[in-house]
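Working notes, beginning with the structure itself.
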Amino acid sequence: MSETAKIIVGNQTHEFPVLTGTEHEKAIDTRELRAQTGYVTYDDGYANTASCESAITFIDGEQGILRYRGYDIQELAIQSNFLETAYLLIYGELPTIPQLQGFRHLVLRNAAIHQGMFNFFEAFPNNSHPMAILSAMLNSLGCYYPEMASNNREQDLEHLDNAATILISKVRTLAAMSYRMKHGLIFIHPKPELPYCSNFLHMMFSEPYAEYKFNPVVDRALNLILLLHADHEQNCSTSTVRMVASGGANLFASASAGVCALWGPAHGGANMAVIHMLEQIHRDGDDGSRFIAAAKSGDRSRRLMGFGHRVYKNYDPRAKILKKTCADVLGTLGVSDPLLDIALKLEEAATHDKYFLARKLYPNVDFYSGIIMRAIGIPVDMFTVMFAIGRLPGWIGHWRELATSHSPIHRPRQIYTGSPRREFVPIDKR
Ligand code: CMC
């Protein structure tokens, strides 16, 4: 007999099914709880709530395990690349050679943006945040491809191959454009013959008479950063994408909402916050010990950025991979960055400190990614945009998974704590 769980409310016992995942994780299926008892469950921040069944990514936060579609992140990091992993996340299987060629072809073909979109860039103030621009631009893609943004599930799914590759390709062009506009630089067109990351670096850093000099170590590091960010199950932005999609919204609108959700410093904005923190420590002439002491005060605004994770209660496997890549990139480029020395000292100190050990706070993916991007020349305010470029395949995979499921519109309940009913008081009597 399949496992069940009993919940006693008053003097009545109610029985609910238990769901078991592939990796033996268990959940009590409480969908019928309100109908049976009139009660709802309360879980602020959804920390203990499985919001869906998903076959995309598995994380064991206690063991520090991350797998995309069953493949260990370490294996993908060594043997795969961003586009192949994107295909895996979206479609569920590693591509064959013709499948990957077809996918690459669509990505390469879609790098240019519609002339009309240039006008948007001119209208944004120079100091606009690139995440605000990115979100607006991704949503506006639906205006240029209305047949892919019909908000009719069947129709949007029919066009998914195109819509997905348009997003994955153009997000790079839009990101590079926002950087160049901000710095008053002429826009550099994509080159269809270049691989994914090289094309991005070309659009960012080439000049009309001075081509960007490619370095395979840099290209590989960027590929790796994007691959490692490509999915992370039901995080804040991915849950947002699924939530928006659950109402029937098209892929462009859902991805644009994902960008907004990613922007905050507790989520995708943490990579910027790490660099600001390291710069502050450097400016103060601190070796990190004063900062660590302050981080233990419990004050949210003084947290050690790039440390801790809602799910990982062990070393984030992505941080391990990036720590090594960071040393490779700095070594190859001959960059000596005092921020890396501070980061290494912070890690050493925090991973031996009782406060951090007791709370299972370890470096997360953002701790080293920022130092790598800084060495490549990507400015700090573009870091979260880089995270968004990486996370897009995950968002697309989750959009597809939700759109092909029978999941109802996401509509949580609440516990109302406001005023009880009261009489309206006209303005002249208040
Ligand atoms: N520095 C110092 N103390 C911390 C930190 C930190 N970075 N993170 C958590 N704590 C403490 C916190 O004060 C609390 O202590 P106490 O039990 O004494 O009240 C305890 O650890 C648990 O913290 P929490 O806020 O309940 O944990 P959470 O799971 O809600 O938060 C987090 C996870 C990532 C928001 C948090 O660890 C944090 O703010 N980290 C810094 C920001 C950061 O690096 N974010 C990137 C996350 S990885 C990118 C991604 O996947 O989105």
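In each ligand, atom 1 is the first atom listed, and ligand 1 is the first ligand listed.
- By the 6.0 Å and 45° rule, R34 does not stack over the aromatic ring of Y39.
- Using a 4.0 Å cut-off to heavy atoms of R310, the atoms of ligand 1 that qualify are 28 (P), 29 (O), 30 (O), 33 (C).
- S198 and D219 share a side-chain donor-acceptor pair at under 3.5 Å.
- When only non-hydrogen protein atoms are considered, atom 34 (C) of ligand 1 lies nearest to G308 O, 3.7 Å.
- Within the cation-pi definition used here (under 6.0 Å to the ring centroid, within 45° of the axis), R391 does not qualify as a partner of F387.
- Taking every non-hydrogen atom of H267 and a distance limit under 4.0 Å, the qualifying atoms of ligand 1 come out as 50 (C), 52 (O).
- In this model, no donor atom of one side chain and acceptor atom of the other lie less than 3.5 Å apart for T384 and W263.
- Taking a distance limit of 4.0 Å, we find that atom 8 (N) of ligand 1 is approached by some protein heavy atom.
- For atom 48 (S) of ligand 1, the nearest non-hydrogen atom of the protein is H309 CD2, 3.4 Å.
- Here the two rings, on Y196 and F82, have centers that are under 6.0 Å apart.
- For the residue pair Y368 and E347, a side-chain donor N or O sits within less than 3.5 Å of a side-chain acceptor on the partner.
- Taking atom 24 (P) of ligand 1 as the reference point, the nearest protein heavy-atom neighbour is R303 NH2, 3.9 Å.
- Among the atoms of F356, none of the N or O lies under 3.5 angstrom from an N or O of ligand 1.
- Contacts of L361 with ligand 1, taken as heavy-atom pairs under 4.0 Å, involve the side chain alone.
- Among protein heavy atoms, atom 42 (C) of ligand 1 sits closest to M305 CE, 3.3 Å.
- Using cut-offs of 30° and 60° for the angle between ring planes, the H183 and Y179 rings count as tilted.
- Protein heavy atom nearest atom 1 (N) of ligand 1, with residue, atom name and distance: L304 N, 3.1 Å.
- Of all the listed residues (H232, R359, K296), R359 holds the heavy atom that lies closest to atom 20 (C) of ligand 1.
- Listed here is the closest heavy atom pair of Y46 and P412: OH-CG, 3.6 Å.
- Ligand 1 lies within reach of Y355, whose nearest heavy atom is under 4.0 Å from it.
- At a cut-off of 3.5 Å, with distance as the only test, no side-chain donor of Q79 or Y71 sits close to an acceptor on the other residue.
- For atom 22 (C) of ligand 1, the protein comes within 4.0 Å by no heavy atom at all.
- Distances below 4.0 Å separate heavy atoms of G306 from the following atoms of ligand 1: 43 (C), 44 (O).
- Shown in contact with A270 at under 4.0 Å from a heavy atom are these atoms of ligand 1, numbered in order with element: 43 (C), 44 (O), 45 (N), 46 (C).
- When hydrogens are left out, the protein atom nearest atom 47 (C) of ligand 1 is N364 ND2, 3.6 Å; that is the closest non-hydrogen contact.
- Protein non-hydrogen atoms do not reach within 4.0 Å of atom 27 (O) of ligand 1.
- In terms of protein heavy-atom proximity, atom 40 (N) of ligand 1 is closest to F307 O, 2.9 Å.
- Of the heavy atoms in D366, only side-chain atoms (C-beta onward) come closer than 4.0 Å to ligand 1.
- Taking 4.5 Å as the limit, some side-chain heavy atom of L89 sits within range of a side-chain heavy atom of T57.
- A ring-centre distance under 6.0 Å is found for Y312 and H232.
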Where do D328 and R220 land on the salt bridge (charged side-chain N to carboxylate O under 4.0 Å, His left out) test, with the steps shown first? CA-CA 10 Å; D328 291 349; R220 181 72 200 137; over 6 Å; no
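- Selection from P363, A295, S369 by nearest heavy atom to atom 2 (C) of ligand 1 gives A295.
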